[in-house]
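Let me begin by presenting the structure, written as structure tokens, before commenting on it.
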Amino acid sequence: MTTSAKPLSVAVIGAGMAGRSHAAGYRNVNTVYGAGLPPVRLAAIADANLALGEDAARRYGFDKALPSWEAVVEDPTIDAVSIVVGNALHRPIAEALVAAGKHVLCEKPLAGSLEDARAMAELERSAEVVTAVGYTFRRSPAIAAIREHVQRSELGDLTLFSGRYWCDYATDPNGPLSWRFKGGPGSGALGDVGSHVIDAAEYVAGPIVEVSGATLSTQITKRPLPLGAVVGHNAAPVSDEMGEVENEDTASFTARFESGLVGSFSVTRTGFGLPNGLFFDVLGVGGRASFDQHRPAEYLFDDAQPDARTRGARTIIAGPNLPYFAGGVPMEAAGVGASNADNFTYQARAFLDQVAGVAQPLPACATFADALRTMEIIQAVVESSGNSGASVTVPPAA
């Protein structure tokens, strides 16, 4: 492990919207939670689109831009790296970084295929560096607070988890056929946004052991081929030539948790008017809680108040009484709220806490093994869909 006397040198591979979020997180890590973390050197942002990388490096104060991920691997001064590129590239990059002795924070989903994900989880078992996965919603003060309500049995025995992640980034049929639309069933909306809501469900309510009733569908089956690089979900110049969409726009399924809890899930990237719609409700015999990412600084909570006349859902605004908030924002005052960008800062801090071995770290990041489990659940959903919704058992957690 890196000692507190030695600065940490970090890099980001990928300069798109998520890569910039990682870069901003690293820039801010020493502004939160006081002393304890070594100085952080913002070493490099790498992207095949060098102009994009240069722009991100300038914005977030990194020393330089590099034209390839290989250049990061070959730089002996870099200690820790975020991988924020297309899913199919995660495995080779992670393997090269680990072999070079660098700590790795990989974006979700873990890999482009279950085979690659299993290889990465196996790599983690023998790695002498920190390996972690960016399930950023685990850092939401509101979601972490709901998890605490469940763990303290403040909702009573749970009866239902209903989770959905509805987005609209793929509603335009003229949107370019980027890598997000390739890779086969399970790698579309399920892998992109479904992985987040599945992880949030297990984070809040415990392990999923079975899925059933799954349906996958594609609303826009062909898209124009791009003429150049596509950044994030942005529009880009396209040709007249069309290509086949290889994965799902929409998916739904039910699940059974280890506790016996029933869950229902739906995800889509073609949900008009929903830019980033992660929602979930968790219900129990003694209370309920609800989260909506469109209102990320709050959650709804209801329980059995002594006087039935005043019962009902009430809005809990993020403040110092919620996880991550105290010490995590400049203005530590009730009602100030929190944002998605804050979550990336907390995630980067948690990762570097692990790397540096600080005395009082934030809760650890998800592991490659955790992210493999999410992909095994997604694979079970795909199998259920291909077998008329039949029940499929999820392998137990390693």
Side-chain angles (χ1 to χ4, degrees), residues 2 6-32 37-108 111-112 129-134 136 176 178-180 226-237 340-349 351-352 355-356 365:
T2 305
K6 179 180 180 295
L8 283 172
S9 180
V10 301
V12 178
I13 297 174
M17 61 181 186
R20 293 193 297 269
S21 297
H22 279 253
Y26 286 130
R27 184 179 186 178
N28 291 327
V29 286
N30 266 317
T31 70
V32 295
L37 194 66
V40 174
R41 172 185 168 234
L42 306 177
I45 295 180
D47 200 289
N49 182 339
L50 187 57
L52 187 69
E54 290 173 340
D55 180 64
R58 175 189 60 79
R59 288 190 189 193
Y60 300 105
F62 281 68
D63 291 348
K64 60 188 174 183
L66 295 172
S68 69
W69 62 264
E70 290 91 346
V72 174
V73 173
E74 294 164 2
D75 187 335
T77 70
I78 293 173
D79 301 307
V81 183
S82 282
I83 302 173
V84 201
V85 292
N87 305 334
L89 291 172
H90 289 182
R91 177 184 175 181
I93 296 175
E95 289 176 339
L97 290 170
V98 169
K102 301 183 191 304
H103 308 279
V104 177
L105 173 58
C106 184
E107 257 302 326
K108 58 84 231 163
V129 294
V130 172
T131 51
V133 177
T136 318
S178 70
W179 62 266
R180 295 180 187 277
L227 292 173
V230 180
V231 180
H233 301 312
N234 295 341
N340 192 56
D342 293 319
N343 296 348
F344 277 93
T345 296
Y346 307 154
Q347 175 178 274
R349 177 64 189 251
F351 174 53
L352 294 185
V355 169
C365 292

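In this view, F62 satisfies the ring-ring contact (aromatic ring centres under 6.0 Å, His included) rule with no residue, not counting sequence neighbours. Remark: T131 engages E124 in a side chain to side chain donor-acceptor pair (under 3.5 Å) (not counting sequence neighbours).
Counting all heavy atoms, side chain and backbone alike, N30 lies closest to P38 at ND2-O, 3.1 Å. Nearest heavy atom pair, residue Y60 against residue A24, reads CE2-CB, 3.8 Å. For the residue pair P226 and P176, the shortest heavy atom distance occurs at CB-CB, 3.9 Å. Closest non-hydrogen pair, A15 versus A56, comes out as CB-CB, 4.0 Å. Between K108 and G134, the shortest heavy-atom distance links the atoms CG-O, 3.8 Å. Between H103 and V129 the shortest heavy-atom distance is ND1-CB, 3.5 Å.
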**Request:** Give the intermediate values and the outcome of side-chain contact (heavy atoms from CB on, under 4.5 Å) for residues I83 and E107.
**Result:** CA-CA 6 Å; I83 302 173; E107 257 302 326; over 6 Å; no
**Request:** Apply side-chain contact (heavy atoms from CB on, under 4.5 Å) to E74 and L66, showing your working.
**Result:** CA-CA 11 Å; E74 294 164 2; L66 295 172; over 6 Å; no
**Message:** Before you tell me yes or no, could you show the steps for L37 and V29 under side-chain contact (heavy atoms from CB on, under 4.5 Å), namely the whole-Å CA-CA distance, both residues' side-chain angles and the distance that decides it to 0.1 Å?
**Reply:** CA-CA 8 Å; L37 194 66; V29 286; 4.0 Å; yes
**Asked** Is there a side-chain contact (heavy atoms from CB on, under 4.5 Å) between V12 and V10 once you walk through the steps?
**Response** CA-CA 7 Å; V12 178; V10 301; over 6 Å; no
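Between F351 and Y26, the two ring planes are tilted [angle within 30° to 60°].
Taken from CD1 in I93 to NZ in K102, the straight-line distance is 13.5 Å, to the nearest 0.5 Å. Atom NE2 in H22 sits 11.0 Å away from atom OG1 in T345 (nearest 0.5 Å). Rounding to the nearest 0.5 Å places CD1 of I78 at 6.5 Å from CZ of R41. A distance of 10.5 Å separates CD1 of I45 from CG of D63, quoted to the nearest 0.5 Å. Rounded to the nearest 0.5 Å, atoms OG (S21) and CG (N340) are 6.5 Å apart. Expressed to the nearest 0.5 Å, how far CG of L105 lies from CG of L352 amounts to 8.5 Å.
The backbone N or O of T77 sits less than 3.5 Å from a side-chain atom of S9, completing a donor-acceptor pair. Within the 3.5 Å criterion, the main-chain N or O of G61 finds no donor-acceptor partner in the side chain of R27. The main-chain N or O of L52 is never found under 3.5 Å from a side-chain atom of D47 such that the two would form a donor-acceptor pair.
Remark: E95 engages R91 in a salt bridge, criterion side-chain N to carboxylate O under 4.0 Å.
For the pair V104 and V81, the minimum side-chain heavy-atom distance is 4.5 Å or more.
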